[in-house]
Amino acid sequence: MKRYRLLLPSHSVPWHAALLVVCAAGLGACAADSSPTGVKPDTANAVPADTMPLRHYAQLRGRYIGAATGTVLTMPGDSGTKLRAIVTREFDMLWTGRFMKMDYLRPIRLAYNYTDADSVVAFGKRNGMVVRGHTLVWHSQVPAWVTSGNYPADTLRAILRDHIEQVMIHFKGKLAAWDVVNEAMGDDGTIRSTLWFGSLGPDYIEQAFRWARAADPDVPLYYNDYGIETINAKSNAVHALLSDLKAKGVPIDGIGFQYHYEAQSAPTADQVVPNFARFAALGLKIQITEADLRVRVQNGIASPADLQLQAAAYREMVNACLRTVNCNAIEIEGIYDGQAWVPDPTTWGAPVLFDVFMRPKPAYYAVKAALAGN
Ligand code: XIL
């Protein structure tokens, strides 16, 4: 007689009580021969043996599992309803993708637009989810009134400080973290040449963190970047930068690793863990902040072989976080493949855990298995 194993949290309820709950809820075939009568399971309607969501297993491992909302939270129709059900069932952390960036929050100098960002924060609060703030200082998505303003350095410094202060005061007490500075390091390991660096000099990074801490004494402040997940010239430079800033008492609490990779070249856990460890040794919390492990697509559809390869890459990524005590969050670059950013969408896509039809992919089950310790 086939046995069905229910993967239930043994710590929370006695397994037989949980079994009754699952069976009573009609969630699918229950353990067939747990009773002396050996009731035959209704395999015609069986659901996957494990219907517990990602957030359940992440919580058991002391981690948040999150996703970029895109426009899903306000998406109309059945698609929106289905996607919001996925978000609230599977994830306990959100980031907004666009709604908290400077060009979105302050499209003109005289006005802030918090509507969409506030709706994400409110959604998270209603559904027991935390929200990451992303991002206060970035060289991209800077509003035109700033980039074309030709402001003298002192004026630009005042604009940046005002932006940081206004936004952080608005969200004070509502966010689980802020990406204060995003992608300040160039891929060659030198400070990226940006509007902020060119006008304000290299101390803009230190200043941004100090202004942020002064505006909100409590929210964890993160530096966030990509291509720094393993030990390389760029991560060496970021490590040196953050080490210097920490030594000067600059209030940096954590580092975000964006984790944007082509799945077939994504790093293994063994390649990532030593790098995570050296940043943790600086006293920094570690978060994976924008994971997209993309594969080649044709009309948005990936091959079964590539989806399996992607699943293996996601498993390695989750294990890298689980093997790092200071790693407390894993965030995905989108809820489903229909709205998930990739750097080159003409060739690559299908980067996240649910496909364009909103079905869980092999990567979803790989993430769940890794979080469950299987
Ligand atoms: C992307 C978002 O996911 C998209 O929704 C948005 O339209 C563009 O930006 N590095 C970053 C993120 O730090 O802010 C970017 O996110 C992806 C690259």
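Indexing begins at 1, ligand by ligand and atom by atom, following the structure's order.
- When E183, R98, K101 are ranked by how near their heavy atoms come to atom 9 (O) of ligand 1, first place goes to K101.
- Heavy atoms of W138 found under 4.0 angstrom from ligand 1 belong exclusively to the side chain.
- Residue D78 places its CG atom among 12 or fewer non-hydrogen atoms of other residues, nucleotides or ligands, all under 6.0 Å distant.
- Geometrically, ligand 1 and N224 share no nitrogen or oxygen pair separated by less than 3.5 Å.
- Residue contacts with ligand 1: W95 is included, with a non-hydrogen atom under 4.0 Å away.
- In E165, the CD atom is crowded: over 12 heavy atoms of neighbouring residues, nucleotides or ligands sit closer than 6.0 Å.
- Shown in contact with N182 at under 4.0 Å from a heavy atom are these atoms of ligand 1, numbered in order with element: 11 (C), 13 (O).
- If you number the atoms of ligand 1 from 1 as listed, the ones under 4.0 Å from a heavy atom of E333 come out as 1 (C), 2 (C), 3 (O), 16 (O).
- Distances below 4.0 Å separate heavy atoms of H134 from the following atoms of ligand 1: 11 (C), 12 (C), 13 (O), 14 (O).
- Between R106 and D162, at least one side-chain nitrogen of the basic residue sits less than 4.0 Å from a carboxylate oxygen of the acidic one, meeting the salt-bridge criterion.
- Each of the following atoms of ligand 1 lies closer than 4.0 Å to a heavy atom of Q141: 8 (C), 9 (O).
- Interatomic distance, Y261 OH to E229 CD, rounded to the nearest 0.5 Å: 3.5 Å.
- The pair R294-D292 meets the salt-bridge criterion, with a side-chain N (NZ, NE, NH1 or NH2) lying under 4.0 Å from an Asp/Glu carboxylate O.
- Aromatic ring pairs are classed by plane angle as parallel below 30°, tilted from 30° to 60° and perpendicular above 60°; the pair H170 and Y114 is parallel.
- Residue contacts with ligand 1: Q339 is excluded, as none of its non-hydrogen atoms falls under 4.0 Å.
- For atom 12 (C) of ligand 1, the closest non-hydrogen atom on the protein side is E290 OE1, 3.3 Å.
- Taking every heavy atom of both residues into account, T69 and Q339 meet most closely at O-OE1, 3.9 Å.
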